[in-house]
Amino acid sequence: MTDSHDPSHTLSLTADWESPAETAADGTWLECVACGETFAPFETIRYTCDACDGLLEVRSDDLPTFDDFSGTGVWRYAESLPLDSGVTIQEGNTPLYRVPRLEADVGVETLRIKHEGMNPTGSFKDRGMTVGVAVARELGVDRLACASTGNTSAALAAYGSRGGMETLVLLPAGKVAAGKVAQASLHGARILEVDGNFDRCLDIVQELASRGETYLLNSLNPFRLEGQKTIGLEILEGFQADYGTWPDRIVLPVGNAGNTAALYKVFRELVQTGELAVEDVPKLTGVQAEGAAPMVEAIENDADAVRRWDEVETRATAIRIGNPVNAPKALPGIRETGGTAVAVSDEAITAAQRDLAEEGIGVEPASAASVAGLRKLRAQGVVAADERVACLTTGHLLKDPDAAAAAGRDPEPVPADTAGVLEVLES
Ligand SMILES: *Cc1c(COP(=O)(O)O)cnc(C)c1O
Ligand SMILES: [Zn+2]
């Protein structure tokens with residue numbers, strides 16, 4: 001080949017996109033990341049490639065620069081999204097906390113915590129739903145569905161309701177944290193508890209969607225991932241504002257690897273517009289629980305694809321996933337940015353949950369995996385002392401009150417008088 005660029009469907013940092021005949025009036029199209037087949041974005045409902053069943057990506061021939069962004073929250077980045085506006089509950093613009101004690105303890109130059117638990121329903125899933133539910137409305141569908149380890153169902157129920165649509169969620173029975181089921185329930189989703197794990201729920205909901213019964217809003221849906229790109233944009237703008245530089249590394253928990261895929265996509269877009277130099281792209285670093293680590297296995301074995309784990313277990317229920325559907329997008333993202341993937345024990349996850357709590361930041365177990373992973377990689381020397389790092393904490397403490405109570409202090413019974421209380425305090 002004499003062409004100096006990779007074909008546009010390859011997921012390399014330097015591939016340039018060329019708009020095909022199917023490009024919509026607004027400059028967007030869908031492209032298969034496996035074979036390069038292209039499709040018009042808003043005509044027919046499809047989640048994967050008609051030709052090879054590969055994952056689709058939303059592409060645009062009119063990519064924005066940082067100067068094109070204005071306002072706040074996810075829709076600040078409308079120029080980077082497939083629609084101008086969404087079904088919104090004021091998602092995004094989450095805090096990028098400084099954590100001086102934890103930073104010193106972990107031993108990196110800079111550590112910031114991007115707390116996605118501060119979104120309207122308490123997880124980053126809101127960023128994807130504000131876009132995904134708006135696309136559903138554009139497509140004229142009236143019943144939305146997802147399989148979920150919990151947070152996707154809470155976000156779908158809230159955004160679907162706000163958009164006036166019916167919502168259906170499939171959950172693995174007994175494996176979803178209490179706060180999440182409560183949210184899906186109150187926001188009016190029809191909740192189907194499946195006698196099987198998350199991966200089975202997703203198999204079923206994909207089957208329902210392919211039969212035209214529902215519109216699928218799992219992260220297989222390429223529009224949802226567009227919304228999640230805004231996490232990366234906020235982190236980059238935050239580091240520019242505070243340090244005049246980009247972060248060296250972004251560490252995040254990995255379940256279906258949708259966020260990993262979304263962050264990598266926005267980095268590729270910024271490289272194309274010249275906003276970000278290839279050598280400045282933050283190293284994407286994924287963290288999984290030891291009992292559910294197929295991505296880590298694939299990275300360690302330098303494998304082309306992940307092997308589905310049929311048995312998965314971890315107290316970090318949000319990442320209790322054995323078949324990460326976005327792996328074909330995420331594996332190149334980790335490799336091309338010079339990142340890595342690491343597995344951590346449930347004990348290390350709980351310890352990191354306590355570390356964050358000491359800084360006043362309340363997260364659910366899966367979220368703490370990022371900090372546990374950073375600690376492990378720093379101890380191994382994989383992460384250097386002079387690095388500037390952002391850790392993503394994906395969901396709020398109140399999502400999983402049982403895990404929080406188990407990790408925290410026990411209440412102490414006291415008598416109903418001051419003398420009795422003082423006695424206990426002094427003991
Ligand atoms: C969904 C979720 C994850 C996993 O994110 P992926 O994009 O599927 O890798 C991690 N943590 C929490 C709290 C989540 O809700
Ligand atoms: Zn294809």
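Nothing fancy with the numbering, it's 1 onward along the sequence. Both counts, for ligands and for their atoms, begin at 1 and track the order of listing.
Ranked by closest heavy atom to atom 7 (O) of ligand 1, the top entry among N218, N259, V325 is N259. Taking all heavy atoms of R224, K125, K399 into account, the minimum distance to atom 2 (C) of ligand 1 is reached by K125.
Centred on the Zn ion (ligand 2), the SG atom of C52 and the SG atom of C35 lie at an angle of 120°, reported to 10°.
Residue contacts with ligand 1: A318 is placed with no nitrogen or oxygen under 3.5 Å of a nitrogen or oxygen of the ligand (distance criterion only). Checking only distances, N256 does come within under 3.5 Å of ligand 1, N or O to N or O. Residue-to-ligand polar distances place N151 within reach of ligand 1: an N/O pair is separated by less than 3.5 Å. Looking at ligand 1, you'll find an N or O of T394 within less than 3.5 Å of one of its N or O atoms.
Between A327 and P332, the closest heavy-atom pair is O-CD, 4.0 Å.
Taking CG of L156 as the start and OH of Y159 as the end, the distance is 11.5 Å to the nearest 0.5 Å. Here the NZ-CD distance, from K180 to E364, works out to 3.5 Å after rounding to the nearest 0.5 Å. Interatomic distance, OG1 of T317 versus CD of E313, reported as 9.5 Å (0.5 Å rounding).
Residue I319 touches ligand 1 through its side chain alone, judged by heavy-atom distances below 4.0 Å. In A366, the part holding a heavy atom less than 4.0 Å from any atom of ligand 1 is the side chain.
Taking the centre of each ring, Y47 and Y215 come in below the 6.0 Å mark.
Using a 4.0 Å heavy-atom cutoff, S219 is absent from the residues neighbouring ligand 1.
Of all protein heavy atoms, the one lying nearest to atom 4 (C) of ligand 1 is G255 N, 3.6 Å. Of the protein's non-hydrogen atoms, F124 CZ, 3.4 Å is the one closest to atom 5 (O) of ligand 1.
Around the CZ atom of R190, the shell of radius 6.0 Å holds no more than 12 heavy atoms that belong to other residues, nucleotides or ligands.
Classified by interplanar angle (parallel below 30°, tilted 30° to 60°, perpendicular above 60°), the ring pair W29/W17 is perpendicular. Ring geometry for Y97 versus H115: interplanar angle of 30 to 60°, hence tilted.
Between the side chains of N151 and K399, at least one donor-acceptor pair of N or O atoms lies under 3.5 Å.
Atoms of ligand 1 lying under 4.0 Å from at least one heavy atom of G258, given by number and element, are 6 (P), 7 (O), 8 (O), 9 (O). Atom numbering of ligand 1 starts at 1 in the shown order; those under 4.0 Å from a heavy atom of V254 are 9 (O).
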